Number of protein chains: 2
Amino acid sequence: MPDLYDPLKLDNQICFPLYACSKEIVNRYRPYLDELDLTYTQYIVMMVLWEKREINCRELCRRLYLDTGTLSPLLKKLECKGYITRNRSENDERNLVVSITEEGMALRDKAVDVPKNMACCVDLTKEEAATLYSLLYKVLSGLTGQK
Amino acid sequence: MPDLYDPLKLDNQICFPLYACSKEIVNRYRPYLDELDLTYTQYIVMMVLWEKREINCRELCRRLYLDTGTLSPLLKKLECKGYITRNRSENDERNLVVSITEEGMALRDKAVDVPKNMACCVDLTKEEAATLYSLLYKVLSGLTGQK
DNA sequence: TAAAATTAAATTGCACGCAACAGAATGTGA
DNA sequence: TCACATTCTGTTGCGTGCAATTTAATTTTA
């Protein structure tokens, strides 16, 4: 018998498995990323840079759905590790241009096995994974669009 | 043309939309939860207690996929707010029994609209939501099962 | 063109989230 | 029963994650 409070049950809210799943997946990355001396957030920054070589801070925030309060100190750490450089744009000194270094590009070859290792942790069929993927992006676009 | 590094693209890793989606959803909760003077994590703890009235710390950790390092200080805050009590089990003094107070139960009536308000943010059909839900739980059970 | 508004990044403060460790209570086996 | 292992909670340290504020550069406008 359903009652007034049913919607408040943990298992009736989509947020809960989403939140839990996200954390658990990140935990599964940890051992692989430890070998690269990267945290998960540092890893997704590096993934952007492996593709684009260069990006400014504002675009990076948008791409990763992160705040400058998160990225500012993190980018400094990646610079300390020698994987990126941070420079002000010549056109507009407000902009911070983040570029990948040779050392950062070299890391890509060590990282290339990470997705394969992770895929083993997630036991979905190709079709299920594709469905999950498209549903997540649908939610995401709905959330960020109507802001 | 696919290349060796394709799996390393942000858009080819399920973790990324999962992580982003989770954060964005929590952000959407914030204004509603602010009215209840709860954070998101405090809210999911209260949801468990609204259902069960009483639970010990270890089980709460398991239920919410959280660590004692997270829950320990958080439970103290909820106790300060008067929503829960913390007591040692009489049978086994190692166990911490968390119980909801009258004030905590009263909060449930104020919280009952939160899920409705949140549902508006996620523009999925009932079927899509059900699919997303079952896929997330499938991943989750796979992740925590083979630990 | 000088003042006001806007934009971008950095900083601060607070709340997780987890690994690693500490410490107390309980269970176990010789 | 006494040493030893196990279980459970709590603490510390580090890394996010975001709101709010600050600072600097640029653009707009009066």
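Bear in mind that the values here come from a model prediction, so they are computed numbers and not experimental data. Below, chains carry the letters A, B, ... as their sequence lines are ordered, and counting in each starts from 1.
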**Student:** Would you mind reading off the distance between A:Lys77 atom NZ and D:dC14 atom P, rounded to a whole angstrom?
**Tutor:**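 One finds 10 Å between P of D:dC14 and NZ of A:Lys77, rounded.
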**Student:** If only side-chain N and O atoms of B:Arg28 are considered, is one of them under 4.0 Å from the OP1 or OP2 phosphate oxygen of D:dC18?
**Tutor:**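 No, outside the criterion.
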**Student:** Atom pairs, N/O to N/O, protein against nucleotides 20-27 of chain C, distance under 3.5 Å?
**Tutor:**
from: C:dT26; atom 1: OP1; to: B:Glu93; atom 2: N; distance (Å): 3.2

**Student:** Pick the closest DNA chain C nucleotide for A:Asn95 and for A:Thr70 by heavy atoms, then say which residue is nearer the 5' end.
**Tutor:**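 That would be A:Asn95.
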**Student:** How many Å lie between CD on B:Glu59 and P on D:dT9, as a whole number?
**Tutor:**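 Roughly 9 Å, once rounded to whole Å.
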**Student:** Without decimals, in angstroms, what is the distance between B:Arg30 CZ and C:dC16 P?
**Tutor:**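 Rounded to the whole Å, the gap is 10 Å.
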**Student:** Is the backbone of B:Ser89 close enough, under 3.5 Å, to the side chain of B:Asn95 for a donor and an acceptor to pair up by distance?
**Tutor:**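 No: the side chain of B:Asn95 does not pair with the backbone of B:Ser89.
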**Student:** Taking A:Thr125's backbone N and O only, do any of them form a donor-acceptor pair with A:Glu128's side chain (distance below 3.5 Å, no angle check)?
**Tutor:**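 Checked: pair present.
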**Student:** At under 4.0 Å, does any side-chain N or O of B:Lys23 touch on OP1 or OP2 of C:dC16?
**Tutor:**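 False: B:Lys23 side-chain N/O out of range (4.0 Å or more) of C:dC16 OP1/OP2.
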**Student:** Look at the side chain of B:Leu74 and decide which nucleotide, out of D:dC18, C:dA10, C:dC16, has an atom nearest to it.
**Tutor:**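 Between D:dC18, C:dA10, C:dC16, the one nearest the side chain of B:Leu74 would be C:dC16.
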**Student:** Quiz question: by atom type and distance under 3.5 Å, do the side chains of A:Gln13 and B:Tyr29 form a donor-acceptor pair?
**Tutor:**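 Side-chain D/A pair, A:Gln13 to B:Tyr29: present.
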**Student:** With a non-hydrogen cut-off below 4.0 angstrom, is A:Ser72 in contact with a base, only sugar-phosphate, or nothing?
**Tutor:**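 Contact class for A:Ser72: base.
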**Student:** Please confirm whether the backbone N or O of A:Arg94 pairs with a side-chain atom of A:Arg88, one donor and one acceptor, at under 3.5 Å?
**Tutor:**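 Pair found, side chain donor or acceptor close to backbone of A:Arg94.
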**Student:** Within 45 degrees of the ring normal and closer than 6.0 Å to the centroid, is that where the cationic atom of B:Arg108 sits relative to A:Tyr5?
**Tutor:**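 Yes, B:Arg108 sits over the ring of A:Tyr5.
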**Student:** Starting at CZ of A:Arg62 and ending at P of C:dT7, how long is that distance when rounded to a whole Å?
**Tutor:**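 Nearest whole value for this atom pair: 11 Å.
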**Student:** The side chain of B:Arg58 is closest to which nucleotide in this list: D:dC8, C:dC16, C:dA10?
**Tutor:**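 Closest nucleotide among those given: D:dC8.
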**Student:** Tell me if a side-chain donor or acceptor on B:Lys23 pairs with a main-chain N or O of A:Tyr65 at a distance below 3.5 Å.
**Tutor:**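 Yes.
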**Student:** Judged by modelled atom types alone, do B:Tyr32 and B:Asp113 share a side-chain donor-acceptor pair under 3.5 Å?
**Tutor:**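 On atom types as modelled, these side chains do not qualify, holding no pair under 3.5 Å.
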**Student:** C:dA10, C:dC18, C:dA15: which one has an atom nearest the side-chain heavy atoms of A:Cys57?
**Tutor:**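 Closest of the options to the side chain of A:Cys57: C:dA10.
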**Student:** Nearest whole Å is fine: how far is D:dG15 P from A:Ile44 CD1?
**Tutor:**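 Interatomic distance, CD1 of A:Ile44 to P of D:dG15: 16 Å.
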**Student:** Could you go through A:Cys21 and B:Leu18, starting from their C-alpha distance and side-chain angles, then the distance that decides it, and tell me whether this counts as side chain to side chain contact (heavy atoms under 4.5 Å, CB included)?
**Tutor:** CA-CA 8 Å; A:Cys21 219; B:Leu18 198 55; 4.3 Å; yes
**Student:** Once you round it to whole Å, what is the distance between P of D:dC18 and CG of A:Leu66?
**Tutor:**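 That distance rounds to 6 Å.
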**Student:** Side-chain N or O of B:Lys76 versus OP1/OP2 of D:dT11: is the shortest distance under 4.0 Å?
**Tutor:**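 Yes, such a contact exists.
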**Student:** Given atom CD of B:Glu24 and atom C1' of D:dA19, what is their separation to the nearest angstrom?
**Tutor:**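 For the pair B:Glu24 CD and D:dA19 C1', the rounded distance is 14 Å.
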**Student:** How long is the line joining CG of B:Asp34 and C1' of D:dA20, in whole Å?
**Tutor:**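 Going from CG in B:Asp34 over to C1' in D:dA20 covers 13 Å.
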**Student:** Would you tell me if any nitrogen or oxygen in the side chain of B:Thr39 comes within less than 4.0 Å of OP1 or OP2 on C:dA15?
**Tutor:**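 So the side chain of B:Thr39 is outside the cut-off, no N or O lying under 4.0 Å from OP1 or OP2 of C:dA15.
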**Student:** With sugar-phosphate meaning primed atoms plus P, OP1 and OP2, does B:Leu71 contact a base, only sugar-phosphate, or nothing at under 4.0 Å between heavy atoms?
**Tutor:**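 No contact at all - B:Leu71 keeps every heavy atom at 4.0 Å or more from the nucleic acid.
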